[in-house]
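Since this is a predicted model, take the numbers as computed values, not measurements. Within every chain, numbering begins at 1; the chains are lettered A, B, ... in the order of the sequence lines, protein sequences first and strands thereafter. Computed from heavy atoms alone, side chains included, the values below leave out hydrogens, waters and symmetry copies.
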Protein chains: 2
Amino acid sequence: MPILGRRDHIIEVAIRLFCEHGFHATGVDRIMREAKVSKKTLYNHFRSKDELILAALQQHDSVFRNNFVKDVEHLANTPKDQLIAIFDAAEKWFSDQNFFGCMFVNVVGEYSDPTSPMRDVSRNFKQMILRYIVSLCVKAGAKDPEKLANELALLFEGAIVTAQISGSPVSAGTAKNIAKQLLAASLAEKARE
Amino acid sequence: MPILGRRDHIIEVAIRLFCEHGFHATGVDRIMREAKVSKKTLYNHFRSKDELILAALQQHDSVFRNNFVKDVEHLANTPKDQLIAIFDAAEKWFSDQNFFGCMFVNVVGEYSDPTSPMRDVSRNFKQMILRYIVSLCVKAGAKDPEKLANELALLFEGAIVTAQISGSPVSAGTAKNIAKQLLAASLAEKARE
DNA sequence: GCTAAAGGAAACAGATCGGTTTACTTAACT
DNA sequence: AGTTAAGTAAACCGATCTGTTTCCTTTAGC
């Protein structure tokens, strides 16, 4: 296996284990065993477990972003419809056998120090999602795009956690329903100007 | 210290540490050290760490429920206003120095086995919150109380996680704003009958 | 074909994990 | 006053944790 592929493979395995079992509960021994890689190789690519955690979070950030945006764009064509399609993509995500909630929410539950780099990555991820929703709100012609985007992001967050705890994807539909109302109200207000 | 007081004291310390640092990261040594209790005493009251975790979750369940309902009832008098006051109580909660998100969300991030007793406790907690909101919706005269309650519970969840990650309590206001719209719409639909 | 980097397996280190046991002390009840 | 239950501090257990090191094999480039 090529060198860069090996590093990515370790990260991929680590993401899966961190998502399913958490960060403190996942030891490096298990990661190297499941990645079929020696401990020396693992520590050759990552200086510490914390660095591997950070690399996993950053990788998951970009992979999730790409997949999610792609999903939304395949599910709807106009910005207005895409704002709603966010929750269809969410439902698909929640229905996956390997859905264990949001990795960035889970990591924040294990590292509470606000100066921790893990929390930085989590905050950045959520801000990235928010910026994406803001851009759709602007293109859709919302009255107050920032406000609407914050509301939709909060709905998204609520749907994720509710699905994680209940074990059911129906929360996506609940959130979608509210989103439709908020979007319609925002567009109507704009039209009334 | 009386015997029952000692057990409760251990649980109280455990709850604080589990909330701040997570479950796997908090060792029994640290709990006994901060509770100023010997290891023998701790294992005399709890057969294992898992049993202590469960006891902590159950205790937090009832304490949180009592405090939260009391807060809501002090903040508003009518069921309709109390449904909105949920988010004022939430803002107060988020502003606390010792706010580390919802203990039941955090525990689910560390124990993914759906048959785990920790997840049972979490599901039960969220259902208890939902039933409370349903009862308020019924008393408020909502058109579809179950539906509205599910929506408000999802908003509540979203506000909690958003506050936890962002470190700001403003998400409570965002959720409150949406809640007002949903409640008004539900009551208006009912009146139109 | 030789050199050098990289990987694998496994031993090792020191700390910490959950949990048990021992020896001694405290406090309460008849 | 003497018994008993419950406490403490600390040693101890085996397992596991993150991280390092050793020794040997593979592989790739010149």
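For DNA chain D, the neighbouring residues in residues 22-42 of chain A, judged by any heavy atom under 4.0 Å, are A/T26, A/G27, A/V28, A/D29, A/K39, A/K40. DNA chain D is contacted by no residue of residues 112-119 of chain A, taking any non-hydrogen atom closer than 4.0 Å. Taking every heavy atom of residues 46-55 of chain A and every atom of DNA chain D, pairs under 4.0 Å involve A/S48, A/K49, by number.
For the OP1/OP2 pair of C/dA27 and a distance below 4.0 Å, the side-chain nitrogens and oxygens of B/R6 include no atom meeting the criterion. Distances shorter than 4.0 Å separate some side-chain N or O of B/N44 from OP1 or OP2 on D/dG7. Within the 4.0 Å cut-off from OP1 or OP2 of D/dG7, at least one side-chain nitrogen or oxygen of B/H45 is found.
For A/R33, the side-chain hydrogen bond (donor to acceptor under 3.5 Å, both in side chains) criterion is met by no residue, not counting sequence neighbours. By the side-chain hydrogen bond (donor to acceptor under 3.5 Å, both in side chains) test, A/K80 is found to be paired with no residue, residues two or more places apart in sequence or in another chain being considered. Annotation: side-chain hydrogen bond (donor to acceptor under 3.5 Å, both in side chains) contacts of B/T41 (sequence neighbours excluded): B/S38. By the side-chain hydrogen bond (donor to acceptor under 3.5 Å, both in side chains) test, A/K92 is found to be paired with A/D71, residues two or more places apart in sequence or in another chain being considered.
The side chain to side chain donor-acceptor pair (under 3.5 Å) analysis of residues 135-149 of chain A, with sequence neighbours excluded, yields no pairs. Identified under the salt bridge (charged side-chain N to carboxylate O under 4.0 Å, His left out) test for residues 9-29 of chain A, with sequence neighbours left out: A/R16-A/E34, A/D29-A/K39. Listed by first and then second residue, the salt bridge (charged side-chain N to carboxylate O under 4.0 Å, His left out) pairs involving residues 178-187 of chain B amount to none (not counting sequence neighbours).
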Only distances under 3.5 Å count here; give the side-chain donor-acceptor pairs of residues 49-60 of chain A to other protein atoms, sequence neighbours excluded, each with its distance to 0.1 Å.
| unit_1 | atom_1 | unit_2 | atom_2 | d |
| --- | --- | --- | --- | --- |
| A/K49 | NZ | A/F23 | O | 2.8 |
| A/K49 | NZ | A/T26 | O | 2.9 |
| A/E51 | OE1 | A/R47 | N | 3.0 |
| A/E51 | OE2 | A/R47 | NE | 3.4 |

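Hydrophobic clustering, defined by side-chain heavy atoms of Ile, Leu, Val, Met, Phe, Trp and Tyr closer than 4.5 Å, groups B/L130 together with B/V134, B/V138.
When the nucleotides C/dG7, C/dT20, D/dG7 are ranked by their closest atom to the side chain of B/Y43, C/dT20 comes out on top.
Applying ring-ring contact (aromatic ring centres under 6.0 Å, His included) to A/F64 and the options A/W93, A/F104, A/Y132 leaves one that passes, A/W93.
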